[in-house]
2 protein chains.
Amino acid sequence: MYICPMYSSELIKGTLRTIVLNLLKENGRMYGYEITQRVKELTDDKIQITEGALYPLLHALEASEDLETEVEFIGKRQRKYYRLTKQGKQTSKKKIDELREFMETLHILLDANKGTSHGLIN
Amino acid sequence: MYICPMYSSELIKGTLRTIVLNLLKENGRMYGYEITQRVKELTDDKIQITEGALYPLLHALEASEDLETEVEFIGKRQRKYYRLTKQGKQTSKKKIDELREFMETLHILLDANKGTSHGLIN
DNA sequence: CATCAATACATAAGTTTCTTATGTATATTT
DNA sequence: AAATATACATAAGAAACTTATGTATTGATG
């Protein structure tokens, strides 16, 4: 059990989109900053989404019509809420299933050749 | 249960290095083409490593001294075998642990808010 | 009350890591 | 003989991040 800060390195690549879609699926609607904080807190600081990654992604998902937005003002400060469109819900499901299956496949790969009694080499 | 060919899309990004290091850890030594075929067969064609991704990666891992090579000839055809160096074994372990932990974290994220009895929104 | 941290958005340049395309050559199958 | 499989390699391009930077409001703190 080591304490290291842990920046989940290059592994986020390819999974960020799915993480965001999943969060929106579970939470109905969220704004950008909220997403970064929620992920940080849910993962115990292990995954910290950078703004440079998140905002362009949200814009792209809006452009592809998977997300729709509504802007609200808290005092003078703006919040842009995102929610899944009907299409976005399908995309979300597809992406989440795909990620789950990919992780299963990875487990198969990582556990291959385990316990075949030729661990002499290591 | 759908039959689709399945190219694991952009998800491989960031995991390929770890997959290769793990295979070499389990198998002692392998050559490039063998790695592509083994992954293909272990994952039931779900992950197909492209040569354009693999060979540059192997070269990089050799340059960083995580891998060492020996060339053999089968008839006139050359095979370049790769194996983990001592350093490579450490790198391998680190990367594999990191990937396992990352996948655990992903599961936490994907399962967050499940069963909190407010699934009315979807 | 001034300053710093937190909240909230955004974009641009640069890097990493893949895909796609291409090339060379030997060996096997039809 | 031609197509497929084996076996290596590299280059151009795309995707998806990081790092850096910018603007502005709000809350906390000495």
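Numbers restart at 1 for each chain; the letters A, B, ... are given by sequence-line order, proteins then strands. Because the structure is predicted, anything quoted here is derived from the model rather than measured.
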OP1 or OP2 of [N] less than 4.0 angstrom from a side-chain nitrogen or oxygen of [X], does that happen here?
X	N	value
A:Tyr55	C:dA10	no
A:Tyr31	C:dA8	yes
B:His59	D:dC8	no

**Message:** Just to be sure I understand the rule, does B:Gly52 reach a base, reach only the sugar-phosphate, or reach nothing, if contact means heavy atoms closer than 4.0 Å?
**Reply:** base

**Message:** So A:Leu57, base contact, sugar-phosphate only, or nothing? Heavy-atom distance under 4.0 Å.
**Reply:**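 Nothing, no nucleic acid heavy atom in range.
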
**Prompt:** Given axes from five pairs at either end, by how many degrees does the helix from C:dC1-D:dG30 to C:dT30-D:dA1 bend, rounded to 10°?
**Reply:**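 Taking the rotation axis at each end, their angle is 20°.
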
Using atom types as modelled and distance alone, determine if a side-chain donor or acceptor of [X] lies under 3.5 Å from a backbone N or O of [Y].
X	Y	answer
A:Thr69	A:Tyr82	no
B:Asn22	B:Thr18	no
A:Gln87	A:Ser64	yes

**Message:** In this structure, how many angstroms lie between the C1' atom of C:dA10 and the CZ atom of A:Arg79, rounded?
**Reply:**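 Result: 17 Å.
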
**Fill in**
Here the distance between atom C1' of D:dA16 and atom NZ of A:Lys95, to the nearest Å, is 12 Å

**Request:** Report the residue (A:Arg17 or A:Glu51) whose heavy-atom-nearest nucleotide on DNA chain D is the more 5′ of the two.
**Result:**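 Comparing both residues, the 5'-ward one is A:Arg17.
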
**Prompt:** Does A:Lys13 or B:Pro56 map to a spot on DNA chain D nearer the 5' end, using the closest nucleotide for each?
**Reply:**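 Its nearest nucleotide being more 5', the pick is B:Pro56.
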
**Prompt:** Any chance CD of A:Glu65 has more than 12 other-residue heavy atoms, nucleotides or ligands included, within less than 6.0 Å?
**Reply:**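 No, because the 6.0 Å sphere around CD of A:Glu65 holds 12 heavy atoms or fewer from other groups.
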
**Request:** Name the orientation class of the two ring planes belonging to B:Tyr31 and B:Tyr81 (parallel below 30°, tilted from 30 to 60°, perpendicular beyond 60°).
**Result:**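 Because their plane-to-plane angle is over 60°, the rings of B:Tyr31 and B:Tyr81 count as perpendicular.
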
**Item:** Summary of protein contacts for nucleotides 25-30 of chain C, nucleotide by nucleotide, where a base hit scores B, a sugar-phosphate-only hit scores S (4.0 Å, heavy atoms)
**Value:** -BS---

**Ion pair check, A:Glu72 and A:Arg29, cut-off under 4.0 Å** =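 Salt bridge flag = yes for A:Arg29 with A:Glu72.
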
**Item:** A:Lys95 and A:Asp66 ion-paired at < 4.0 Å
**Value:** no

